[in-house]
Novice: 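Mind looking over this structure? Questions follow.
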Amino acid sequence: MRFDVITLFPEQFRILSREGVVARALSRGIAELRLWNPRDFAPGPHRRVDDRPYGGGPGMVMLFEPLAAAIAAARAASPKSQVAYLSPQGTRLDQDAINDIAAKPGWILLAGRYEGIDERLLERCIDQEWSIGDYVLSGGELPAMVVMDAAIRLLPGALGHERSAYEDSHMSGLLDCPHFSRPEEIDGLRVPKVLLSGDHGAIARWRRQQALGRTWLKRPDLLAKMTLDQATTLDQATTLDQEAR
Ligand SMILES: CN1CCN(c2ccccc2CNc2ccc(C(N)=O)cn2)CC1
């Protein structure tokens, strides 16, 4: 999977190639990262990438031309990739959206700075607009790294043995179960007996029951979403079954 990131701060992305799941995936060629700086596409001696907003107001706006040129260069290098813009105005991402993102061959991610970008880029050059949450950050670089981390860890071979554990909880739309390790007792707090029993069936049941219980208590909305999804899937299956008869 290939990520082309358009950013005025390419240095910020060094962190991804230094350590962890993403760094390992990049070094193994499971994922690729290429950085494009709009300043390299800005014309004239001053190589301007921003200017004052029409209509006045504080701050600066990122200019159309350098960004459009950087996007065109990235598209030429990665013809199968769509362009996604990280912004507070974007579609809110969740695990389902990340699963869809990870299924694509690649993405060109545009990280905005200043007060944002010239609106005409959204008309002409951008395919999707995403938000990682309802809060404002100083730039789109961190959201781009969040999306890359969430997507790359889903790629085959990215996670080692821990993927199976990962699959049990989050992928099922539930919150994770509690985790414990040595020692068995800390300040009077003990590890649940079932986890010491060696009965893997009972342990799996306990973990699922804990995940359900925690989701019920902390995020009942996820349960509602899940049962709705399952109901829809069930309904689709029934319809398919009827059509097949
Ligand atoms: C001071 N201004 C900096 C630039 N910013 C802005 C405006 C438009 C687009 C991108 C940005 C970059 N910021 C982002 C990006 C994404 C998210 C998210 N929720 O996904 C939050 N913030 C507006 C505020």
Side-chain angles (χ1 to χ4, degrees), residues 1-16 20-22 31 33-42 46-75 78 81-104 106-155 170 219 221-222 225:
M1 171 168 224
R2 174 149 170 169
F3 283 100
D4 292 278
V5 181
I6 297 171
T7 171
L8 287 170
F9 299 94
E11 286 305 300
Q12 289 202 359
F13 290 81
R14 279 191 184 285
I15 191 172
L16 293 177
V21 171
V22 175
L33 170 61
R34 185 159 167 196
L35 301 164
W36 305 80
N37 190 331
R39 202 170 296 283
D40 299 336
F41 298 87
H46 305 293
R47 297 174 57 186
R48 290 208 67 142
V49 293
D50 68 314
D51 208 333
R52 293 181 302 113
Y54 281 119
M60 304 291 266
V61 172
M62 291 182 84
L63 291 170
F64 180 94
E65 198 209 345
L67 285 176
I71 290 172
R75 280 194 192 272
S78 308
S81 294
Q82 284 200 325
V83 179
Y85 176 47
L86 287 307
S87 107
Q89 286 76 40
T91 306
R92 183 76 184 273
L93 294 180
D94 60 11
Q95 193 62 48
D96 287 345
I98 297 292
N99 295 345
D100 294 344
I101 289 167
K104 299 285 185 205
W107 291 92
I108 297 165
L109 302 180
L110 173 53
R113 280 272 161 176
Y114 304 106
E115 291 318 301
I117 63 174
D118 189 297
E119 188 66 14
R120 289 165 287 190
L121 282 155
L122 284 147
E123 296 291 314
R124 285 277 184 277
C125 311
I126 291 167
D127 303 309
Q128 300 206 19
E129 191 175 11
W130 299 334
S131 167
I132 61 166
D134 293 334
Y135 38 83
V136 175
L137 300 166
S138 52
E141 282 76 14
L142 285 174
M145 287 188 241
V146 163
V147 170
M148 287 169 61
D149 185 292
I152 287 173
R153 65 196 320 274
L154 297 179
L155 298 177
H170 293 260
R219 292 293 306 275
D221 58 298
L222 292 179
K225 182 178 183 308

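Order of listing sets the numbers, starting from 1, for every ligand and every atom in it.
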Novice: Before signing off on this row, confirm whether S131 and ligand 1 have an N or O atom pair separated by under 3.5 Å.
Specialist: yes

Novice: Considering heavy atoms of the protein only, find what lies nearest to atom 6 (C) of ligand 1 and give residue, atom and distance to 0.1 Å.
Specialist: P88 CD, 4.2 Å

Novice: Students should be able to answer this: which protein heavy-atom is nearest to atom 21 (C) of ligand 1, and at what distance?
Specialist: Y135 O, 3.2 Å

Novice: Considering heavy atoms of the protein only, find what lies nearest to atom 19 (N) of ligand 1 and give residue, atom and distance to 0.1 Å.
Specialist: G133 O, 2.8 Å

Novice: May I ask you to check if ligand 1 and Y114 share an N or O to N or O distance below 3.5 Å?
Specialist: yes

Novice: So which heavy atom in the protein is nearest atom 24 (C) of ligand 1, and how far is it from that ligand atom?
Specialist: V136 CG1, 3.4 Å

Novice: To the nearest 0.5 Å, what is the distance between CD (E65) and CG (D51)?
Specialist: 12.5 Å

Novice: Please report the shortest heavy-atom distance between L35 and P10, naming the atom on each side.
Specialist: CD1-O, 3.7 Å

Novice: Name the closest protein heavy atom to atom 13 (N) of ligand 1, giving the residue it belongs to and the distance to 0.1 Å.
Specialist: L137 O, 3.0 Å

Novice: With a cut-off of 4.0 Å, which atoms of ligand 1 are near a heavy atom of S138?
Specialist: 3 (C)

Novice: Can you check whether G112 has an N/O within less than 3.5 Å of an N/O in ligand 1?
Specialist: no

Novice: Please report which non-hydrogen protein atom sits nearest to atom 20 (O) of ligand 1, along with the residue it belongs to and the distance in Å to one decimal place.
Specialist: I132 N, 2.8 Å

Novice: Around atom 8 (C) of ligand 1, find the nearest protein heavy atom and jot down its residue, atom name and distance.
Specialist: Y85 OH, 3.3 Å

Novice: Tell me, which protein residue and heavy-atom name are nearest atom 7 (C) of ligand 1, and how many Å apart are they?
Specialist: E115 O, 3.8 Å

Novice: Taking only heavy atoms of L86 into account, list the atoms of ligand 1 that are under 4.0 Å away from them.
Specialist: 9 (C), 10 (C), 15 (C), 16 (C)

Novice: Test your reading of the model: is there a side-chain donor-acceptor pair from R75 to the backbone of C125, 3.5 Å cut-off?
Specialist: yes

